[in-house]
Amino acid sequence: MVHIIDRRLNPKDKSLANRQRFIGRARRQILDAVRDASSRRRVADIGQGGEEIRIPADGLQEPSFHKGGGRGVRDHVLPGNREYVAGDTIPRPPPPPPCSGRGASADGEGEDAFQFTVSRDEFLDLFFENLELPDLVRTRLSRTETQGLQRAGYSVSGSPSNLNLTRTMRNSLSRRLALRRPRREETRALDEEIDRLERSGRDPERLRELIRMREDLTRRTRAIPYIDPIDLRYNRFTPVPRPITQAVMFCLMDVSGSMTEDMKDLAKRFFMLLYLFLQRRYRHVDIVFIRHTHIAQEVDEDTFFYSRETGGTLVSPALEEMQRVVRERYDPGEWNIYAAQASDGDNTPADNPTVVEMMESAILPLCRYFAYIEVAEDRGWDMTTDLWQVYERLVKAGRPMAMRRVRRRADIFPVFRDLFTPVELKR
C-alpha cells in the first residue's frame with residue numbers, strides 16, 4: 001500500500017490548510033486534556049508537578065492519500081472465485097467493532113491512545129496560553145527593570161553576527177570608486193579586443209599595448225580588494241533602561257456563613273488560577289488578598305486560601321478595605337489597578353445602595369477591569385441574586401466590569417479563559 005504524506009514546511013497548494021487544521025485539532029485535544037486534568041486536582045495541587053495527558057491516537061494521524069476501497073465502479077480480477085458471477089454486487093465489509101485501540105489484529109498488535117507527561121512549566125504554559133490582563137499600560141516610568149539594548153549606530157569592530165551588510169557594501173563601493181578600481185566591464189572589453197587582434201594577426205604593436213594595459217588592470221585590481229577590513233561596519237548596541245509596567249490585583253472573597261464549603265472551594269479554585277496566572281505571566285504585579293464577612297481584612301496568601309473563619313454577609317466592608325489599601329500603597333497614577341470578586345451573590349439588602357454608590361464613585365473609576373464571579377451550587381436552575389442585579393446595572397451602563405457564573409468545577413477553566421482572553425482573540 002502506498003502512503004503519500006506532505007511534510008513540507010510551507011507547501012504551495014491546498015495541503016497547507018489541511019496541515020494547519022491537523023495541528024490545530026491536536027492542540028485543542030491537548031488543551032482539553034489539560035483542562036480536564038486541572039478540574040480533577042485539588043486547589044493546593046494546581047500547578048504542582050507535571051501531569052499525564054492522554055489523547056486519542058486517531059487525532060494525531062496526519063492526513064494522507066492511500067490506495068483503498070471506496071465507492072465507484074471498479075473492475076476486479078478475483079482468481080479462484082466460486083461465489084460471484086459477472087454483474088453481482090460485492091457487499092461492503094462490515095465496520096470493525098468500536099474499541100479504544102486502533103489496528104487490532106489476530107496476533108494482538110495494535111495502537112492505543114497516546115499518553116505523555118508534561119512538566120509543570122509546560123502545563124502552566126498551556127493552561128495560560130493567550131491570556132493577559134485587559135488594558136494594561138505603562139503608568140510609571142521612574143522605576144526601571146534590568147537594562148535593555150537599543151541600536152546606537154555602527155562600530156568598526158564587533159561580533160560577526162552583528163555585521164551590517166548594507167553599510168559594509170556601501171563603504172566598499174565608495175572606496176573602490178575613489179581609488180578607481182578597474183571595473184569588470186573594462187576588463188571584459190579589453191579581453192575581447194585582445195582576442196580579436198590575436199585571431200586576425202594584424203597590428204602586433206597595438207596587441208602588445210593592449211596586453212600591457214591588461215596586466216596593469218590586473219595589478220590594480222589585486223592591489224584594491226573588493227572588500228577591505230576598513231569597510232566593515234558592525235551594529236552597535238547600548239544598554240538603556242526600560243520603563244516598567246506596574247499592576248496590582250485585588251482578590252475579594254466572600255467567606256460568610258451563606259457560602260457553603262463547595263462554594264468556597266469553587267472560589268478558591270478560581271483565585272488559585274488567578275494567582276498562578278499572575279505569578280507566571282507578569283514580573284511586577286502585586287496581589288492583595290481580602291477576605292470578608294460582615295467585616296473585611298487584608299490577609300496573606302495562606303490565610304486567604306486555608307482559613308476557616310466565617311461570619312455575617314456584607315459586601316461594602318470589602319470595598320472599603322480595598323479603598324484603604326489603594327490610598328496607602330497604590331497611587332492610581334502609577335499603578336494599573338484590577339479587582340476580582342467571588343461571592344454567592346447574597347448581601348444584606350440595606351447594604352446594596354452603599355455598594356452601588358461605592359462602586360460607581362470610587363472602585364470602578366480606579367479599576368481598569370473588575371471581574372465578578374458568582375459561585376453557586378449546581379441546582380440546575382438560575383436564580384438572580386441581589387448582588388448580581390446590582391452589578392448587572394453597572395455593566396449595562398458601560399462600566400469596565402465582567403460578570404460570570406460558576407456552578408461546577410468544570411466551569412472554572414472556561415470562565416477564567418473568557419475573562420482574561422484579549423478581545424481581539426474572541427472575535
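The basis for the numbers below is simple: all heavy atoms, side chains too, and nothing from hydrogens, waters or symmetry mates.
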| request: Please confirm whether Y154 and Y234 have ring centers closer than 6.0 angstrom. | output: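 Not under 6.0 Å, so no.
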| Any chance the rings of F420 and F416 have centres within less than 6.0 Å? | yes
Report all side-chain donor-acceptor pairs from residues 159-166 shorter than 3.5 Å, counting only partners two or more places apart or in another chain.
unit_1	atom_1	unit_2	atom_2	d
S159	OG	S161	N	3.4
S159	OG	S161	OG	3.0
N164	OD1	T166	N	3.3
N164	OD1	R167	N	2.8
N164	ND2	N235	OD1	2.8

Would you say [X]'s side chain and [Y]'s backbone share a donor-acceptor pair under 3.5 angstrom?
X    : Y    : answer
S316 : D351 : no
N336 : R368 : no
N347 : V315 : yes
R407 : A376 : no
R233 : I230 : yes
T187 : P182 : no

What's the spacing between [X] [atom1] and [Y] [atom2] if we round to 0.5 Å?
X    : Y    : atom1 : atom2 : value
L319 : L314 : CG    : CG    : 11.0 Å
D265 : M259 : CG    : CE    : 10.0 Å
H292 : M253 : NE2   : CE    : 9.0 Å
R181 : L217 : CZ    : CG    : 11.0 Å

Write down the atom of [X], the atom of [Y], and the distance for their closest heavy-atom approach.
X    : Y    : answer
D346 : S258 : OD2-CB, 3.6 Å
Y338 : A247 : CE1-CB, 4.2 Å
F237 : R151 : CE2-CD, 3.2 Å
F270 : A340 : CE2-CB, 4.2 Å
I337 : L366 : CB-O, 3.6 Å

| remark: salt bridge (charged side-chain N to carboxylate O under 4.0 Å, His left out) pairs touching residues 169-179, sequence neighbours excluded, are R175-D231
| said: I need the full list of salt bridge (charged side-chain N to carboxylate O under 4.0 Å, His left out) pairs touching residues 288-303, with sequence neighbours left out, sorted by first then second residue. | reply: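 Output for this query lists E298-R324, E298-R329.
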| request: Could you list all the side chain to side chain donor-acceptor pair (under 3.5 Å) pairs where at least one residue sits in residues 386-398, not counting sequence neighbours? | output: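 Non-adjacent pairs meeting side chain to side chain donor-acceptor pair (under 3.5 Å): Q341-Y391.
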| Can you name the ring pair (Phe, Tyr, Trp, His ring centres under 6.0 Å) partners of F250, sequence neighbours left out? | none
| Which pairs count as ring-ring contact (aromatic ring centres under 6.0 Å, His included) when at least one residue sits in residues 311-332, sequence neighbours excluded? |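 Qualifying pairs, neighbours excluded: Y330-W335.
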| Salt bridge D411-R408, side-chain N to carboxylate O under 4.0 Å | yes
| field | Test: K264 and D254 ion pair at under 4.0 Å | value |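 Salt bridge: no.
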| field | Whether F271 and F304 hold their rings parallel, tilted or perpendicular, with breakpoints at 30° and 60° | value |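 It falls in the perpendicular class, over 60°.
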